[in-house]
2 protein chains.
Amino acid sequence: MVMDTIFKTNKKEVIIGENKPFVMIGEKFNPSGFKALGQALVKKDMEFIQQLALRQVAFGADVLDVNVGYANIDQPQMMKMIVEAVQAVVDVPLSIDSNKRDVLQAGLQIATGKPLVNSVSGVESQMAGILPMVKERGAAMIGLTITEEGIPPTAEERLAVAGRIIERASQIGIAIEDIMIDPLVMPVGGDSLSATVTIEAIERIKQEYGVNICLGASNVSFGLMERHSVNAAFLPYAMQAGVTCAITDPIKLGGIIRAADMLLGRDINSVRYLEYARQAEILRQAEQQ
Amino acid sequence: MVMDTIFKTNKKEVIIGENKPFVMIGEKFNPSGFKALGQALVKKDMEFIQQLALRQVAFGADVLDVNVGYANIDQPQMMKMIVEAVQAVVDVPLSIDSNKRDVLQAGLQIATGKPLVNSVSGVESQMAGILPMVKERGAAMIGLTITEEGIPPTAEERLAVAGRIIERASQIGIAIEDIMIDPLVMPVGGDSLSATVTIEAIERIKQEYGVNICLGASNVSFGLMERHSVNAAFLPYAMQAGVTCAITDPIKLGGIIRAADMLLGRDINSVRYLEYARQAEILRQAEQQ
């Protein structure tokens, strides 16, 4: 049995759990590979930022991830500006995304309610530096199964890293339900078994620790042609294996995710699916005009 | 362990089996809901028919299904004409699709090699009428888990119908490896558990009888908006559960199917996926010009 993970703004709460609607964390606030966003950061174009926030939420994002990892900008200052700008236009909780303490700290100060920290890896210095910040802020967190040696090749080893992160977090008083684990997926183009290893890790971590699994799923298709087909085929497998939350593109993959929830018998009378499809159709028509 | 099902023309053989590339039977030759095809049948426009055959094969169809169920045409004659026209331009085996003996007979006479009969239901008169034709022609066949009372609501009952079809076919000497079963999927919009029932039926029939499962998968999305998302999410589940073949649209769903094969670890070095994606890209560019 998986425990519910809850985080929230002052206005909106998100509950992640088994047999609950799958939670989409919008991934678009990430300047790597998204040139227009990088330029908006450099120009401090908060209009662009706010439109991107509104668009993701309109397409069903329950949470927005904010990553400001870009060259030649003051990242802590930028994190503060974006969190403020986004909170001014949408109510959803935020996922503060960095591996730098000062950037995380900046986001956690400005975010209202109980935000999500993305992420804490199994690297010793990261656990020592970031877990106390999570505890002090009363935030939820994503633990990444990666160590000083990189991403372990087997499900067994990723389970062990998840265990170490959970143990260290628990020792300083972070509640187990505030911890989600991302067992990571490597590009399937580089290793034909990378998806099956991740699926096994998902099942074992869920079984062993009863935590929610939050997958950054798009990496599976890295380097391949027609990435959308690979991402769209992988999400149903991950959801069936027990993933309850993903950092993903709600505009491209929301339909697949809502359909998978429905096919798994988790959407009685297709209510959420139809709501999603209607809303998406209206938005796409409006954008084409 | 699932036995290999083989059928062929004089020029090309298709092998369906576990851990083999998933086999796509192109579904486009079906005039219900495809008005332009209906009109082509009425006009005996064999140019249209041949282009549709070439396009499906170019997008990766391993087999082509031929259904001439349309009003106001001589269906046996039309079946002969289409089989001849299609065989003149492509080498792939054909799936002769009808529940009428005279239409099936017409297709089986003209088809070269060893064709597929789609389908034989669990209705007594259908088994008595069609199984001997399958045996006499040395064809392969798809058995549908449907009876006089309709499609049974439970996986248990669909397993029982599959067993009756297999038993009756075996009694008259049809080899078990020439029988594939379609456990059928009802629209998920009408019953939230319809996909999970079918997944269970797939697993149980495969386990019990070791036959290949060939799913007409598109029905799952009937009546819903944005049907593509539902079909795209369902196929990976069906493939993981053990479906080895589907009657489907290779143009819309080939990418998802090749991606799912790859994610399940069945496409070493992504060879088939990349071949598919390259070919599809070239074709789409050519069609846009």
Side-chain angles (χ1 to χ4, degrees), chain A residues 22 185 187-200 217 220-221 223-241 252-282 284, chain B residues 22 185 187-200 217 220-221 223-241 252-282 284:
Chain A
F22 190 87
V185 61
V188 69
D191 172 3
S192 300
L193 297 180
S194 74
T196 54
V197 165
T198 297
I199 295 294
E200 188 193 340
V220 72
S221 62
L224 287 170
M225 297 177 71
E226 213 187 297
R227 292 186 63 171
H228 178 71
S229 289
V230 184
N231 294 334
F234 184 57
L235 276 166
Y237 289 141
M239 290 169 71
Q240 189 178 41
K252 285 189 187 154
L253 291 163
I256 291 285
I257 287 169
R258 286 286 155 262
D261 262 349
M262 177 173 65
L263 292 166
L264 291 170
R266 298 170 186 168
D267 182 10
I268 304 305
N269 296 327
S270 316
V271 172
R272 287 196 307 274
Y273 177 79
L274 289 173
E275 189 186 305
Y276 177 87
R278 273 188 215 109
Q279 173 76 356
E281 191 178 51
I282 292 167
R284 291 205 174 97
Chain B
F22 190 86
V185 61
V188 68
D191 173 1
S192 301
L193 297 180
S194 74
T196 54
V197 166
T198 297
I199 295 294
E200 189 193 339
V220 71
S221 62
L224 287 170
M225 297 177 69
E226 212 186 298
R227 291 186 65 171
H228 178 70
S229 290
V230 184
N231 294 335
F234 184 56
L235 277 166
Y237 289 142
M239 290 169 72
Q240 189 179 40
K252 285 188 186 154
L253 291 163
I256 291 285
I257 287 170
R258 286 286 155 260
D261 262 349
M262 176 173 66
L263 292 165
L264 291 169
R266 299 171 186 167
D267 182 11
I268 303 306
N269 296 327
S270 315
V271 171
R272 287 195 306 272
Y273 178 78
L274 289 173
E275 189 185 306
Y276 176 88
R278 272 187 215 109
Q279 172 75 356
E281 192 179 50
I282 292 167
R284 292 206 174 94

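Per chain, numbering begins at 1; letters A, B, ... match sequence-line order.
In this structure, B:Y273 and A:V188 have side chains that are not in contact, with every pair of non-hydrogen atoms separated by 4.5 Å or more. Between B:R278 and A:M225, some side-chain heavy-atom pair lies under the 4.5 Å cut-off. B:R258 is not listed as a side-chain neighbour of A:E226, based on a closest heavy-atom distance of 4.5 Å or more.
Residue A:G265 comes nearest to B:T196 through the heavy atom pair N-CG2, 4.3 Å, listed as atom of the first residue, atom of the second, then distance. Closest non-hydrogen pair, A:S270 versus B:G189, comes out as OG-CA, 3.6 Å. Contact between B:S229 and A:A259 at its shortest, heavy atoms only, is O-CB, 3.7 Å.
Under the 3.5 Å distance criterion, the side-chain polar atoms of B:S192 are matched with a main-chain donor or acceptor of A:N269.
For a residue to count as touching a neighbouring chain, one of its non-hydrogen atoms must lie under 4.5 Å from one of that chain's; by this rule B:L264 touches chain A with backbone and side chain alike. For chain B, the nearby part of A:L193 is the side chain; its heavy atoms alone come within less than 4.5 Å.
Chain A forms more heavy-atom pairs under 4.5 Å with one residue of B:L235, B:L224, B:I199 than with any other, namely B:L224. Considering only heavy-atom pairs separated by less than 4.5 Å from chain A, the leading option among B:P236, B:A232, B:A195 is B:P236. Taking B:M239, B:M262, B:H228 one by one and counting their heavy-atom pairs under 4.5 Å with chain A, the maximum is reached by B:M262.
Atoms CD1 and CZ, from A:I256 and B:F234 in turn, are 13.5 Å apart once rounded to the nearest 0.5 Å.
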